[in-house]
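Below you'll find the structure, written out as structure tokens, and then a few comments.
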Protein chains: 2
Amino acid sequence: MKSSGGGKPNRITIRDVAADANVSVAAVSKVLREAYGVSPSMRSKVHSSMAKLGYRPHTAARGMRGQTFTLGLILPDFRNPFFADIIDGSHDALAGTQYQALIGINRTTPTVDEGLVNSMIDRQMDGLLIVGANDQAQLIEIAKRTPLVTIGNHHSSNQVYDTVNNDDDEAARLAVRHLVESGYRNITMLSLISDSTIIKERERGYRDEMNRLGLGRFARIVNASQTPQDVQKTARAILTAPDRPEAIFCWTDFIALQVIGVATELGRRIPDDIAIVGHDNTMYCDFAQNSLTSVDQSGQMLGLKAASLLIERIKGRETPEHYLVAPRLVVRNSSIRRTPARPAAAS
Amino acid sequence: MKSSGGGKPNRITIRDVAADANVSVAAVSKVLREAYGVSPSMRSKVHSSMAKLGYRPHTAARGMRGQTFTLGLILPDFRNPFFADIIDGSHDALAGTQYQALIGINRTTPTVDEGLVNSMIDRQMDGLLIVGANDQAQLIEIAKRTPLVTIGNHHSSNQVYDTVNNDDDEAARLAVRHLVESGYRNITMLSLISDSTIIKERERGYRDEMNRLGLGRFARIVNASQTPQDVQKTARAILTAPDRPEAIFCWTDFIALQVIGVATELGRRIPDDIAIVGHDNTMYCDFAQNSLTSVDQSGQMLGLKAASLLIERIKGRETPEHYLVAPRLVVRNSSIRRTPARPAAAS
DNA sequence: TTGTAGGCGTTATCAA
DNA sequence: TTGATAACGCCTACAA
């Protein structure tokens, strides 16, 4: 009666379902939550009434008392298509569950935008998945307020949130090993200016592998900021220096493509004059004019694993998990030596 | 008293603020909503109490009776960096308001994922901004349920939602005019297989401009699917046909870069043998090895305008608005004829 | 201009 | 196993 009243079509509530199924609202709520203590017959009665009436739970009302079945996914920016893979992976993990991921964009990387975090917590999201943040103290504070999993943050010593990461150390080793096997020895790493742990890890892998292969004297890390201007200026400096390298391992594909651009403008042939390796294996690597060798970090796997861990955490797990995904090298033309090696510049 | 009770730190509510400020809860609520009928002195008292206590409104509770100040932004996919500009624009429009945009990814383009829409409406979002959907009937149904603005959908005859669009007709005209001015006449358009209105608009602009310039006999639209395999197969077919064109206007930069790749593999020089123009002016156009002329549609402007319109609609506007953003051509090396024109293939 | 008293739809506690 | 009912925090008549 009550809900068939006024002008606009009233929302179908748990009460309508209860009336239709001839059970109590408490019973319907239990069925809804898959809570303990409902008989199969009751469950099926309720389910068919819900279907018949087209009942949809009111998330705001649920948020008043219990879960919203909403996860907040915080991403640093959108321009690297790699992040789309993370999203795909987390969606895959959520398919078939009641959970829904909603995405917010963090415009203050590497710190997390407090306003965004607050707004997600205010909206009673059940947990947060934060990508690319690196302020450990801040993350610990956030983890005190809500279940938290991070991607792209190697602070695995913490006890309050889970981490999922590409094995960045191994990623750099893969690149170095491949280049050395292809005959390059004077290999520079073009990295970013940042105190991010993923950068530290990858730089460590590069250094260690160079040392391990007896090429420590060639090891050189150059750090640039993200801006195209700075990347290109830095690339030009590297490529025109007297002790210029035979190969450059770049932080991302986007940076690698800029290096190819600068090298091309300088009249250098790739890979004969200079070999280039990127990171992320984005779709732009595959063009004939780029054909960029790159390290593939499975964003899909990272997202999938992270979302699964987050749900476990929401369901009560307290012990932290720290998961590493193995990278994979995809070789293309930019790093295959076609002509005999000339002597290394500084040998 | 009540909220200083038990074990875990209780949430600070409107009631605590009211007590601290020595006013009623209704007064605090009014201040919160910037509603009519609050004295300046009361407002400032309440504001300082909120700040002092660190009060944060409980969005779920607000959603039970009023607004959630949350907008749903539905995007088709992430891989085109152009969408990041839309997000930036909508964030710019929302900065300084109480509104927060939360993003959902639609995996069923060109139809909108009903599950995603429902989940956003269930979460009491105040309005939806849908990008890249084209099922007009479905959009009208959605608009009946919630305030709606679309981007990338030229169904401007509807009376229930607002549309914001790139002027796709003009975008194609810009490309054609530029190519003709650079000496190309046999210009093919490489478009997509789809009944999207943006595609129809752009194809119309292409055809009309070719006709207007007396080049109707050269007008040819080839449609491919989005997959790299199909794009590359189609590009190869176009580039090796006996009546092959002098220039190709491509649906997106990504497609254009693939065409450049195929042309390069075929030993064609760009732009001497074949000129290429893309669309979206993404950051990948700028590399020396690509240097792709492209039409810039201001995603930032599209997002900004759309979010503004959505807020207007939420605040009560009923009359539809349909807004067109002017595109802009950015010329690079891929379309500047360097050598004298040879006779058009089929003249 | 301010205050009081339901009520929004759901969950969870407790009794039956 | 089921049901009655008091919260949850905010909004909005209505009253003062």
Side-chain angles (χ1 to χ4, degrees), chain A residues 1-3 5-6 8-46 49-50 53-70 98 121-124 126, chain B residues 1-3 5-6 8-46 49-50 53-70 98 121-124 126:
Chain A
M1 279 303 133
K2 203 176 168 194
S3 59
K8 65 184 75 172
N10 275 319
R11 162 177 275 279
I12 289 149
T13 76
I14 201 176
R15 234 172 284 274
D16 300 313
V17 176
D20 185 87
N22 261 310
V23 297
S24 72
V25 290
V28 178
S29 175
K30 280 180 187 164
V31 171
L32 211 56
R33 289 174 286 133
E34 292 160 10
Y36 178 78
V38 273
S39 65
S41 73
M42 154 141 265
R43 195 197 331 281
S44 70
K45 257 199 305 186
V46 170
S49 282
M50 291 198 307
L53 300 176
Y55 166 79
R56 302 196 56 80
H58 190 302
T59 308
R62 302 185 99 171
M64 295 284 296
R65 302 289 305 175
Q67 292 184 235
T68 57
F69 297 96
T70 309
Q98 295 193 67
I121 293 178
D122 292 344
R123 284 167 177 73
Q124 301 300 110
D126 296 335
Chain B
M1 281 301 134
K2 202 175 169 194
S3 56
K8 67 183 75 171
N10 276 316
R11 161 177 276 279
I12 289 149
T13 76
I14 201 177
R15 233 171 285 274
D16 300 312
V17 176
D20 185 89
N22 261 310
V23 299
S24 72
V25 290
V28 177
S29 174
K30 280 181 186 165
V31 170
L32 211 57
R33 290 175 285 129
E34 291 162 7
Y36 179 78
V38 273
S39 63
S41 73
M42 151 143 275
R43 195 197 332 281
S44 69
K45 258 199 304 186
V46 170
S49 282
M50 292 197 306
L53 300 176
Y55 166 77
R56 304 198 53 82
H58 190 302
T59 308
R62 304 184 96 173
M64 295 285 295
R65 304 290 301 177
Q67 292 183 236
T68 56
F69 296 96
T70 308
Q98 294 194 67
I121 294 178
D122 292 344
R123 283 165 177 75
Q124 300 299 111
D126 296 335

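Per chain, numbering begins at 1; letters A, B, ... match sequence-line order.
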Margin query: Once ring pair (Phe, Tyr, Trp, His ring centres under 6.0 Å) is applied, do any residues pair with Tyr55(B), and if so which ones, sequence neighbours excluded?
Written below: none
Next item on the list: Whole angstrom is fine here: how far is it from CD in Glu34(A) over to P in dT11(C)?
Entry: 12 Å
Measure all distances between protein nitrogen or oxygen atoms and nitrogen or oxygen atoms of nucleotides 3-6 of chain C, and list the pairs falling under 3.5 Å.
unit_1: dG3(C); atom_1: OP2; unit_2: Ser24(B); atom_2: N; d: 2.4
unit_1: dG3(C); atom_1: OP2; unit_2: Ser24(B); atom_2: OG; d: 3.0

Next item on the list: In whole angstrom, give the distance that lies between atom CD1 of Ile14(A) and atom C1' of dT5(D).
Entry: 13 Å
Item checked: Among dC10(D), dT1(D), dA12(C), the one nearest Thr13(B) by side-chain distance -> dC10(D)
Margin query: Give me the atom names and distance for the closest heavy-atom approach of Thr68(A) to Asp126(A).
Written below: N-OD1, 3.0 Å
Notebook entry, point to check: Given atom CZ of Arg62(A) and atom P of dG9(D), what is their separation to the nearest angstrom?
Noted result: 18 Å
Margin query: It should be established whether Arg33(A) places a side-chain nitrogen or oxygen under 4.0 Å from OP1 or OP2 of nucleotide dA12(C).
Written below: yes
Next item on the list: Would you mind listing every salt bridge (Lys or Arg N to Asp or Glu O under 4.0 Å) that reaches into residues 56-69 of chain A, with sequence neighbours excluded?
Entry: Arg56(A)-Asp122(B)
Item checked: Atom pair distance, as rounded to whole Å: CD in Gln67(A) and P in dC8(D) -> 19 Å
Note to self: Testing the basics here: between Ile12(B) and Leu53(B), what is the closest heavy-atom pair and its distance to 0.1 Å?
What the structure shows: CD1-O, 2.8 Å
Check: How many angstroms lie between CZ in Arg11(B) and NE2 in His58(B), if you round to the nearest 0.5 Å?
Finding: 4.5 Å
Next item on the list: Round to a whole Å and report the spacing from CD1 of Ile12(B) to C1' of dC10(D).
Entry: 16 Å
Note to self: For Lys30(B), give me all partners under side-chain contact (heavy atoms from CB on, under 4.5 Å), at least two apart in sequence or on another chain.
What the structure shows: Arg33(B), Ala35(B), Val38(B)
Item checked: Between P of dC10(D) and CG of Asp16(B), the distance in whole Å -> 9 Å
Next item on the list: Classify the side-chain pair Arg123(B)/Thr70(B) by whether it contains a donor and acceptor separated by less than 3.5 Å.
Entry: no
Check: Among residues 54-61 of chain A, which contact DNA chain C at a heavy-atom distance under 4.0 Å?
Finding: Tyr55(A), Pro57(A), His58(A), Ala61(A)
Notebook entry, point to check: Between Ser49(A) and Ala21(A), what is the shortest heavy-atom contact and its length?
Noted result: OG-CB, 3.3 Å
Next item on the list: Calculate, to the nearest 0.5 Å, the distance between atoms CD and CD belonging to Gln98(B) and Gln67(B) respectively.
Entry: 8.0 Å
Notebook entry, point to check: Across the strands shown, which category fits Ser29(A) at heavy-atom distances under 4.0 angstrom: base, sugar-phosphate, nothing?
Noted result: base
Next item on the list: Have a look at the helix from dT1(C)-dA16(D) to dA16(C)-dT1(D) and give the angle its two end axes make, five pairs each, rounded to 10 degrees.
Entry: 30°
Next item on the list: Write down the distance between CD (Gln124(B)) and C1' (dC11(D)), rounded to a whole number of angstrom.
Entry: 13 Å
Checklist line | Residue pair Ala60(B) / Gln124(A): nearest heavy atoms and the distance that separates them | finding: CB-CG, 3.9 Å
Notebook entry, point to check: Got a second to check how far Arg15(A)'s CZ is from Ser29(A)'s OG, nearest 0.5 Å?
Noted result: 11.0 Å
Note to self: From CE of Met64(A) over to C1' of dA12(C), roughly how many Å is that when rounded to an integer?
What the structure shows: 14 Å
